[in-house]
Amino acid sequence: MARMVAFIILVIPAIMMAAGIKFMRDTLFGILISPFPWLWLQFIVGIIFFVAAFSFFAGFLLRRDRKRGKVAPRWQK
């Protein structure tokens with residue numbers, strides 16, 4: 001059960017990351033998606049989604065590896 005909850009917690013940022021990449025890609029091709037009035041706003045939201053989801057994954061992996069003692073001495077607390 002705990003693994004299923006962890007999986008679900010990791011799926012949400014993955015969907016956010018995919019949406020961020022899609023928003024940025026659509027902006028580069030000039031495709032405006034309906035909730036955004038301007039292309040530059042769509043690109044900024046895409047960057048925010050991507051960076052937030054990526055930092056969540058990075059923090060999750062760093063925390064997990066710190067618990068297991070698998071990080072370099074530079075990253076240990």
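On a predicted model such as this, the values are computed, not experimentally measured, just so you know.
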**Student:** For residues 45-60, run the donor-acceptor check on the side chains, cut-off 3.5 Å, and write out each pair with its distance to 0.1 Å, sequence neighbours left out.
**Tutor:**
unit_1, atom_1, unit_2, atom_2, d
S55, OG, V51, O, 3.0
S55, OG, A52, O, 2.9

**Student:** Taking atom CD of Q76 and atom CG of L62, what is their separation to the nearest 0.5 Å?
**Tutor:** 10.0 Å
**Student:** So, using side-chain contact (heavy atoms from CB on, under 4.5 Å) as the criterion, who are the partners of R68 when residues are at least two apart?
**Tutor:** R64, K70
**Student:** Return a table of donor-acceptor pairs under 3.5 angstrom between the side chains of residues 19-41 and protein atoms on other chains or two or more places apart.
**Tutor:**
unit_1, atom_1, unit_2, atom_2, d
K22, NZ, D26, OD2, 2.6
T27, OG1, F23, O, 2.8
T27, OG1, Q42, NE2, 3.3

**Student:** Sort and list the pairs that fulfil salt bridge (Lys or Arg N to Asp or Glu O under 4.0 Å) and have at least one residue in residues 38-56, not counting sequence neighbours.
**Tutor:** none
**Student:** Spell out, yes or no, whether V5 and I15 are grouped together once hydrophobic residues are joined by side-chain heavy atoms under 4.5 Å, including indirect joins.
**Tutor:** no
